[in-house]
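Take a look at the structure set out below.
Per chain, numbering begins at 1; letters A, B, ... match sequence-line order.
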2 protein chains.
Amino acid sequence: MATIKDVAKLASVSVGTVSRFLNGYTIKEENQTRIEQAIQTLDFKFNPIARGLRTNKTYSVGVLIPRISDIFCTQVIEGIEEVLEPLNYSILICSSNDKLELQREKINFLQNKCVDGIIAMPVTSAEFNVDKVTGNGTPVVLIDRLVKDCELDAVVADNVNGAYLAVEMIINKGHQKIGIIAGPQEIYTAQERLMGYLRALNDYHIEVNEDYIIHTQYKKDGGIDAFHQLISLPDRPTAIFTTNYPITVNTMRLMLEKGLQIGQDVSLCGYDQTELFQMLNPPISVVVQPSKEIGIQAAEILLKRIGGDFSRFPQIQRLKTSLIATDSVKTLF
Amino acid sequence: MATIKDVAKLASVSVGTVSRFLNGYTIKEENQTRIEQAIQTLDFKFNPIARGLRTNKTYSVGVLIPRISDIFCTQVIEGIEEVLEPLNYSILICSSNDKLELQREKINFLQNKCVDGIIAMPVTSAEFNVDKVTGNGTPVVLIDRLVKDCELDAVVADNVNGAYLAVEMIINKGHQKIGIIAGPQEIYTAQERLMGYLRALNDYHIEVNEDYIIHTQYKKDGGIDAFHQLISLPDRPTAIFTTNYPITVNTMRLMLEKGLQIGQDVSLCGYDQTELFQMLNPPISVVVQPSKEIGIQAAEILLKRIGGDFSRFPQIQRLKTSLIATDSVKTLF
DNA sequence: TTGTATGCGTTATCAG
DNA sequence: CTGATAACGCATACAA
């Protein structure tokens with residue numbers, strides 16, 4: 001592949017001149033046309049990596065997510081693209097596949113001058129291996145999940161309130177026996193959503209039944225065991241609150257398989273939105289996260305940090321969720 | 001950020017020794033422990049980019065897709081990850097947002113020694129800007145769509161047959177008036193799926209009604225105009241074949257809004273699978289693509305090329321689709 | 001085994 | 001405005 005050097009040779013100028021031309025400085029018109037010619041004939045392609053080595057700027061940002069198939073993640077990324085694409089930033093997406101070890105590797109990979117900044121959704125809220133975040137280090141903005149003892153910018157959804165409003169709605173429809181399929185205890189959002197559930201029960205003076213609280217994985221098969229446990233309880237709940245997308249979908253599938261009608265035999269309120277949820281009969285009640293907006297705000301904070309502006313650090317943005325209430329939660333009176 | 005040089009200084013050895021140590025060569029044990037110490041204290045992070053500049057190997061591959069929110073794309077990527085992750089390759093995902101210009105930029109970005117190889121789903125089948133593919137250039141494997149006059153390895157689904165089988169199923173259920181919402185004429189898969197539709201009609205001696213063939217975008221809002229056109233025809237079709245995921249979902253939504261019951265008032269067969277399709281009432285008939293398998297095979301071919309094995313070039317793999325037939329297509333007798 | 005020197009593609013600094 | 005050259009972080013050929 002042709003380099004700036006080949007171009008210089010063919011155009012009979014120095015590499016410096018070619019570099020300056022490429023970076024928009026004014027050079028003698030004659031040289032300019034000759035360089036343009038040379039670029040054409042050699043089919044020269046500029047190498048941003050080599051530049052990055054020199055300038056410590058690559059005009060690219062890394063995005064680290066748990067899984068590429070996660071609908072919430074892709075919606076967030078669309079928001080990030082909306083901000084960064086117009087500024088000609090490249091976006092590199094890596095997935096940690098929910099593994100701490102992979103997260104470490106990928107962060108390392110991204111941090112090494114490969115990108116100017118990182119937007120990351122951490123695997124757990126217990127650990128995040130990032131060192132120098134301010135100053136000369138690569139800026140990092142967390143999304144969706146906070147990490148304990150980790151001073152970083154972050155944009156998250158208000159999970160406590162999101163869950164609270166959902167459970168409150170269920171209570172207001174007359175339910176007292178409300179099960180929750182919660183995420184892993186070490187994940188921030190799972191902790192918060194469970195807290196919202198507990199607060200709602202507390203505020204409405206409903207006693208907490210530990211049997212109704214089951215933890216599961218956030219991953220693809222999440223909630224399958226949990227649902228079975230919940231449904232085979234002697235005094236089973238009349239409503240189930242599922243706390244992320246895969247859990248919600250799996251629970252729906254299992255109910256279907258068992259011949260349980262959603263909203264009749266057992267009520268259901270889920271988390272995260274896909275248009276198909278509202279096409280089902282009945283449509284599914286869900287907590288809707290401002291996923292795209294999370295991406296947008298994270299990208300904006302990151303740009304600020306890349307630009308060297310470290311005011312209000314660490315800046316933690318908490319965005320409101322909304323609730324879609326449907327007949328998937330039965331009104332009991 | 002600490003470099004190999006700093007480590008060398010602190011460990012009182014030369015950079016060469018550190019480099020060799022990092023690359024697994026045997027060095028004097030005493031030096032090894034000193035280097036390990038230095039790496040610890042400096043929190044040294046290895047920079048794979050700089051190495052890539054030197055070695056032309058980065059142990060990373062680029063994946064270019066039209067949209068990150070496309071369910072088909074993410075499924076393909078999961079297949080790619082399955083192959084490449086165990087080999088410690090990093091995967092960089094870029095999206096072209098269906099824009100030729102962005103595709104050009106991203107391919108350029110990836111090709112410049114940033115990655116060892118590229119797996120790409122081209123925006124159109126008319127153009128793909130890649131130059132030296134064999135030999136010293138960055139290997140490229142196309143997925144899902146072929147490009148005219150472009151000799152490249154590719155893994156695609158058998159779209160002609162996929163569409164053919166779907167339309168055949170519709171015909172066998174007694175339908176004669178079958179509408180198709182086809183993708184953009186310049187996209188390979190759209191051309192092939194339309195061809196399958198036409199062949200099926202031809203084989204079953206059903207006359208082609210041009211009014212029943214409508215082209216639309218593959219993007220998010222795809223099929224909305226098309227559906228309105230189709231449904232307001234004086235002699236409207238009894239069944240509609242929608243040829244990708246967004247078109248299918250949009251059509252379903254519009255039918256719901258218009259109070260048309262799927263499988264009763266109008267029959268529907270879609271393309272691409274999501275578990276939720278089978279939870280609807282009735283479940284939706286769809287052509288299922290081997291999306292993950294496409295990713296797996298593309299990654300395997302790419303690895304072969306990266307390894308310098310250019311046998312059977314260009315290698316074009318065509319994978320079979322399957323069909324889920326449900327009551328969303330009404331049996332007319 | 002180890003250290004030294006050179007090169008990868010680009011930018012930045014300097015003197016011309 | 002231009003050319004020459006050092007520097008970025010690392011790998012490697014070569015000499016020691």
May I ask you to check whether Q103(B) and S96(B) show a side-chain donor-acceptor distance below 3.5 Å? no
Between dT12(D) atom C1' and F21(B) atom CZ, what is the distance in whole Å? 18 Å
OP1 or OP2 of dT10(C) under 4.0 Å from side-chain N/O of S19(A): no
For K45(A) and dC8(C), what is the distance between atoms NZ and P respectively, to the nearest whole Å? 20 Å
Side-chain donor-acceptor pair under 3.5 Å between R51(B) and N23(B), yes or no? yes
Do the side-chain N and O atoms of E81(B) and S95(A) include a donor-acceptor pair separated by under 3.5 angstrom? yes
Distance, rounded to the nearest Å, where I49(A) contributes CD1 and dC8(D) contributes P: 19 Å
May I ask you to list the residues of residues 6-13 of chain B, by number, that have any heavy atom positioned under 4.0 Å from an atom of DNA chain D? none
Atom CD1 of I4(A) and atom C1' of dA12(C): how far apart are they, to the nearest Å? 12 Å
Using a cut-off of strictly less than 4.0 Å, decide whether K57(B) has a side-chain nitrogen or oxygen near OP1 or OP2 of dA11(D). no
Pairing donors with acceptors under 3.5 angstrom, does anything connect the side chains of E78(A) and S69(B)? yes
Whole angstroms only, please: what is the NZ-P distance between K5(B) and dC10(D)? 9 Å
Does a nitrogen or oxygen in the side chain of T17(B) sit under 4.0 Å from OP1 or OP2 of dG3(C)? yes
Enumerate the residues from residues 22-38 of chain B whose closest heavy atom to DNA chain D is under 4.0 Å, giving them by residue number; use none for an empty result. N23(B)
Taking everything shown except Y59(B) itself, do over 12 heavy atoms lie less than 6.0 Å from its OH? no
What is the distance, to the nearest angstrom, from the CG atom on L53(A) to the P atom on dC8(C)? 14 Å
Heavy-atom closest contact (D309(B) atom, S311(B) atom, distance): OD1-OG, 2.7 Å
Modelled atom types, side-chain donor and acceptor of Q297(B) and E293(B), under 3.5 Å: yes
What does the list of N/O pairs under 3.5 Å between the protein and nucleotides 4-7 of chain D look like, with a distance for each?
from: dA7(D); atom 1: N3; to: R54(A); atom 2: NH1; distance (Å): 3.2

In the structure I gave you, are the side-chain heavy atoms of D6(A) and F44(A) within less than 4.5 Å of one another anywhere? no
